[in-house]
Amino acid sequence: MVGISKRIARKDQKAITLYRDLYRVPQDVLDSFTDPLNIVNHFANEYERVMKQAGLSIDWSRRFTTVEPTYSKFIEWQWKHLNEAGHVVKGAHPVRYCPQCENPVGDHDLLEGDKAEIQKFILILFKYGDVTIPCATLRPETVYGVTNLWVNPNVEYVRATVDGKEWILSRDAMYKISLQDHEVTELGVISGSELVDKTVSHPLCGEIPILPAVFVDPDMATGLVMSVPAHAPYDYIALRDLQQKGKYTDIKPVGLIKVDGYGEFPAVEAVEKADIINQDDPNLETLTQEVYSAEHATGKMYDQYGGKPVKFARDEIGQMMTEKYGSFIMYEFDTRPVVCRCGSRVYVKVLHNQWFLEYSDPAWKQQVYDQLATMELVPPEVRIEFDRTVGWLKDWACSRRIGLGTKLPWDQEWLIEPLSDSTIYMAYYTIAARIKKMDPAILTPEVFDYIFLGKESPGLPQRSELDAMRKEFLFWYPYDFRFSAKDLISNHLTFQIFHHCSIFPKNLLPHGMVVFGMGLLNGAKMSSSKGNVYLLEDAINDFGADTVRMFLIGSGEPWQDFDWRNELVSSTKKQIERFSSSVREAYAAGESPVPIDRWLISRVQEHIKEVTRAMENFQTRQALQEAFFGLESDLKWYRRRLGGSLSGGKDILQEVSTIWVRLLAPIIPFTTEELWGEMGQQGLISFAPWPEADETRTDVDAEIGEELLARTVEDIESLLRIIRLKPRQVTICTSPEWKWEIFSMIASATDKKNVMREIMQKEQVRERGKAAADAVKNCTTHYHRLSSELVDQVISNQPDEITIFTAAQKFLETEFGVPFTIVQAEECSHEKAGYALPFKPAIIIE
RNA sequence: GCGAGGGUACCAAAGCCAGGCCAAAUGGGCCGGACUUAAGAUCCGGUUUCGCAGGAAUUCAAGGGUUCGAAUCCCUUCCCUCGCACCA
């Protein structure tokens, strides 16, 4: 926020365009953004306004910002406890730093190099007489293979004391090191050429010469480089160049790592194979990457150097160098330059007296692991990531110099970093509405101790108000679910468990978390800097709140990324309109009850169950599918069975309508509210009770009957399509009794392989000969094509197919426009009658 | 590089953990038909290929394996998304 306000204040064109044009902040409000608090307030108000437009039910009385004095008191209380628990420790920390502004710089303050990362080089200290020559490396394990150092003969180096000892290094390096926690004084200069051919030594590689190389960059680390020609292509090339001129021919590469797919000297091989000509070859960079990756991935140190995989050896040897040979870390950007907005170069500075949250503490981690194990995570797949994060978290720098927020209670120089101060604010929400009426001055730690921990202290102010807050806190806590986006797993969502574990007693610790996906716009990430942004408010104005809600819910479950595409949204609008007219039509349907009423109301019970189950599992997309399309397609079938209009079933349809709108009320509240009113229902639908499934109205017979009918209609249709014949009449032949027996034997058989033999042993089956054998085969195929659930229902109910089809005869005749005959297969002489199977009658089209 | 999650038909997306209910739900798009003066809306059907009898063949990133049987289990490869720290 401070960064934004500064940019607005100095009339930064990009920032102004962003807020004025993209977020449409009015000019007078924008002018006030020079005070960061105005930015906070403006957007807080905006969000509230738009959320209301979207129809979200939010208790705004609890709204607060993390910069309010009352909230600061809460944070101070929290940190007092964290400190007393020993979770806050002091240390040093590297940051991007601008010497001209004398401040750490954030991403937005950079003119150039915002992608640059801070790398940790380890300095290998070579001895040149009494003088130290430091070389920086990311690969300390290669120290055994050093054959020489490289110095740039065209560069002027400096002699300086570093922490009391004399060093030779580049001028840039001297300055960098001086920012990184080291005492540095310049003594004089020395040209690179003077160092050429001098000899240095290190205990791990012995005496080696310094050779000239122009590729050495004085602005890269120390400006002096150790050479490992066996494993570093640059080093090999530089050495080869010299040797081709007949110099230093006695220097031979020293191999120390065995790598799959390479011989003794991987770098040598790679360079020769790629036909690299000289040190300036642009391919050298990618080649280096290749060799380094291969060595890191599959490399193993030779036995005399420990025999471990490079992955592990690197850290171990680095540590050994630090402990035994005086090596230490030097921080450097991986890409340069990094430039501050003020135009000055940015360096890595080690900040002292930095405060850390000690997430590395194994005891604290253990508490978090234990809690996590008891928590319900949605979706469950994220558990692995949480567990990994807890294991991987190191100490977190939790204080900073600039910005808004709360000061550390015991060290007023530092502000508490925003991620660190927003870890348990869910607890604050529970009391926010009440506490904001209180004077911050009386909010001592004892007050919060009472509200959150129930701890008594003498002289607590406004006792009844505190009791009310305690009661409210205990009403909400422990909370059931914390909702946030998946990119916060590796910080906020994990931090908050740490902090809860530290502050609250076990019975008040979190019960679960729901992790959301991210939003895409037209397939691309939303990004204000790229202008790929579509404001919620615009969407609502363009399409209506219900359409926006239903589209978003329909496009994926909460934890999946959703993709907003304008051209797809308008069909959602049509669907809602279709829904409205269906409900209106159903509510105004004809009088008399009809036989399929039983079926419809039975189906509705199932939908209620499914929608409720989905909602309880946060499967909002699934809930929408069931509630909207599931019910809609049943209504379509119902209406089709009535001959295309809702000419009957008034009572049932009215009941179904009121259920349907309530099932959809959470998704499209505005539309359903209106329909609710039209139906003459009392009160708001938002407060109407959620529909409950009534098991006694589930009617398996009716459902099986309709299922059989629908399947048969489909069969007839597909037959008509294939034979392209104008039918004169259709005969439906239902399965004979003995096939039902076979069918249920197949269904109940435990040993599916031998069921055939078993069945054929039956007298009344065998006497039918080949027809029986075919029937068994067909029944088996048929059995596998039906869902096991349906088979169970069909077997246990054995529907009377003749009655079902006879009852639907009129319907069938209207559908297909031809007369239907319904008979038992055994009473039909047509050869096709033999096709009849249980739940799959033979169809004869003539 | 490290860690996590993915790749299903024109698109989105279920199915995968618990192999046979899967040529693969559902929605969208597109195509055809009905209704209509017409358009829209609505309804019905189609949307891998072949088929004048309900069938067959080939499909779920690619390749291999296990199995009577694989979208689903195992291995390898390729590709995508997210996180990697002081930044909210």
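In what follows, chains carry the letters A, B, and so on, assigned in the order in which the sequence lines appear, proteins first and then strands, with residues in each chain numbered from 1.
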**Request:** Apply the test ring-ring contact (aromatic ring centres under 6.0 Å, His included) to residues A:Trp396 and A:Phe356: give CA-CA distance (whole Å), side-chain angles for both, the deciding distance (0.1 Å), then the verdict.
**Result:** CA-CA 5 Å; A:Trp396 176 269; A:Phe356 289 87; 9.7 Å; no

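- Within the 4.0 Å cut-off from OP1 or OP2 of B:rA14, not a single side-chain nitrogen or oxygen of A:Gln619 is found.
- For the pair A:Arg640 and B:rU42, the criterion of a side-chain N or O lying under 4.0 Å from OP1 or OP2 is not met.
- Between A:His87 and A:Phe498, the distance from one ring center to the other does not fall under 6.0 angstrom.
- Rounded to whole angstrom, the span from the CD1 atom of A:Ile553 across to the P atom of B:rA12 amounts to 20 Å.
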Please set out all donor-acceptor pairs under 3.5 angstrom arising from side-chain atoms of residues 380-392 of chain A, sequence neighbours excluded.
{"residue": "A:Arg383", "atom": "NH1", "partner": "A:Leu372", "partner atom": "O", "Å": "2.9"}
{"residue": "A:Arg383", "atom": "NH2", "partner": "A:Met375", "partner atom": "O", "Å": "2.6"}
{"residue": "A:Thr389", "atom": "OG1", "partner": "A:Glu385", "partner atom": "O", "Å": "2.7"}

**Fill in**
With B for base contact, S for sugar-phosphate-only contact and - for none (protein heavy atoms under 4.0 Å), nucleotides 79-86 of chain B reads ---SSSBB

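- For residues 550-559 of chain A, the set of pairs meeting the side chain to side chain donor-acceptor pair (under 3.5 Å) definition, not counting sequence neighbours, is empty.
- Spacing of C1' atoms, B:rG46 relative to B:rA39, comes out at 23 Å, to the nearest Å.
- When both pairing distances are held under 3.5 Å, B:rG51 makes no Watson-Crick or G-U pair with any nucleotide shown.
- Between the CZ atom of A:Phe386 and the P atom of B:rG5 there is a distance of 13 Å, given to the nearest Å.
- Separating the C1' atom of B:rA56 from that of B:rC43 is a span of 32 Å, rounded to the nearest Å.
- Scanning for ring-ring contact (aromatic ring centres under 6.0 Å, His included) contacts around A:Phe551 gives A:Trp564, with sequence neighbours left out.
- In this entry B:rA12 has B:rU26 as its Watson-Crick or G-U wobble partner, both defining distances falling under 3.5 Å.
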**Prompt:** Where along nucleotides 19-32 of chain B does protein come under 4.0 Å, by heavy atom, of base (B) or sugar-phosphate alone (S), with - for untouched nucleotides?
**Reply:** -SB----BSSS---

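- Atom pair A:Leu837:CG and B:rG55:P shows a separation of 10 Å (rounding to whole Å applied).
- Within 6.0 Å of NZ on A:Lys365 lie more than 12 heavy atoms contributed by other residues, nucleotides or ligands.
- Between the CZ atom of A:Phe816 and the C1' atom of B:rG45 there is a distance of 11 Å, rounded to whole Å.
- When the C1' atom is used for both B:rG69 and B:rC22, the distance is 13 Å, rounded to whole Å.
- The interatomic distance linking A:Leu624 (CG) with B:rA14 (P) rounds to 13 Å, in whole Å.
- For A:Thr494, the side-chain hydrogen bond (donor to acceptor under 3.5 Å, both in side chains) criterion is met by no residue, not counting sequence neighbours.
- Under the side-chain contact (heavy atoms from CB on, under 4.5 Å) criterion, A:Tyr347 pairs with A:Pro99, A:Tyr175, A:Lys176, A:Leu179, A:Arg345, not counting sequence neighbours.
- Not a single ring-ring contact (aromatic ring centres under 6.0 Å, His included) links A:Phe629 to another residue, sequence neighbours left out.
- Nucleotide B:rA4: paired with B:rU81 (Watson-Crick or G-U wobble, both distances less than 3.5 Å).
- Pairing of B:rG40, defined by two Watson-Crick or G-U wobble distances under 3.5 Å, is not identified with any nucleotide.
- Base pairing annotation: B:rA18 forms no Watson-Crick or G-U wobble pair, as no partner gives both donor-acceptor distances under 3.5 Å.
- Under a 3.5 Å cut-off, the side chain of A:Thr423 and the backbone N or O of A:Leu419 do not form any donor-acceptor pair.
- By the side-chain hydrogen bond (donor to acceptor under 3.5 Å, both in side chains) test, A:His492 is found to be paired with A:Arg482, residues two or more places apart in sequence or in another chain being considered.
- Comparing B:rG27 with B:rA34, their P atoms sit 23 Å apart, to the nearest whole Å.
- By the 6.0 Å contact criterion, OH on A:Tyr47 is open, its count of non-hydrogen atoms from other residues, nucleotides or ligands being 12 or less.
- Residue A:Pro379 is classed as having no contact, given no heavy-atom separation below 4.0 Å to the nucleic acid.
- To the nearest angstrom, C1' of B:rC87 lies 12 Å from CD1 of A:Ile4.
- With a cut-off of 3.5 Å on both pairing distances, the Watson-Crick or G-U wobble partner of B:rG45 is B:rC31.
- Of the nucleotides present, B:rA62 is the one that pairs with B:rU76 by Watson-Crick or G-U wobble criteria, both distances under 3.5 Å.
- In this structure, A:Ile384 reaches the sugar-phosphate backbone alone: every heavy-atom distance under 4.0 Å involves primed, P, OP1 or OP2 atoms, never a base.
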Can you name the atoms? Protein N/O to nucleotides 50-53 of chain B N/O, anything below 3.5 Å, with the distance.
{"residue": "B:rC52", "atom": "O4'", "partner": "A:Ile722", "partner atom": "O", "Å": "3.0"}
{"residue": "B:rA53", "atom": "N6", "partner": "A:Ile845", "partner atom": "N", "Å": "3.4"}
{"residue": "B:rA53", "atom": "N6", "partner": "A:Ile845", "partner atom": "O", "Å": "2.6"}
{"residue": "B:rA53", "atom": "N1", "partner": "A:Ile843", "partner atom": "O", "Å": "3.2"}
{"residue": "B:rA53", "atom": "N1", "partner": "A:Ile845", "partner atom": "N", "Å": "3.3"}

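- A:Glu717 comes within 4.0 angstrom of sugar-phosphate atoms only, judged by non-hydrogen atoms across all strands, and of no base.
- Both distances falling under 3.5 Å, in either a Watson-Crick or a G-U wobble arrangement, occur for no nucleotide opposite B:rU67.
- Between A:Glu557 atom CD and B:rA12 atom C1' there is a gap of 13 Å when expressed in whole angstrom units.
- Taking atom P on both B:rA25 and B:rA38, the two are 34 Å apart, rounded to the nearest angstrom.
- Put simply, CD1 on A:Ile416 is 17 Å from C1' on B:rC87, counting in whole angstrom units.
- A search for side-chain hydrogen bond (donor to acceptor under 3.5 Å, both in side chains) contacts involving A:Ser718 returns nothing, not counting sequence neighbours.
- Shown here are the side-chain hydrogen bond (donor to acceptor under 3.5 Å, both in side chains) partners of A:Lys349, two or more places apart in sequence or in another chain: there are none.
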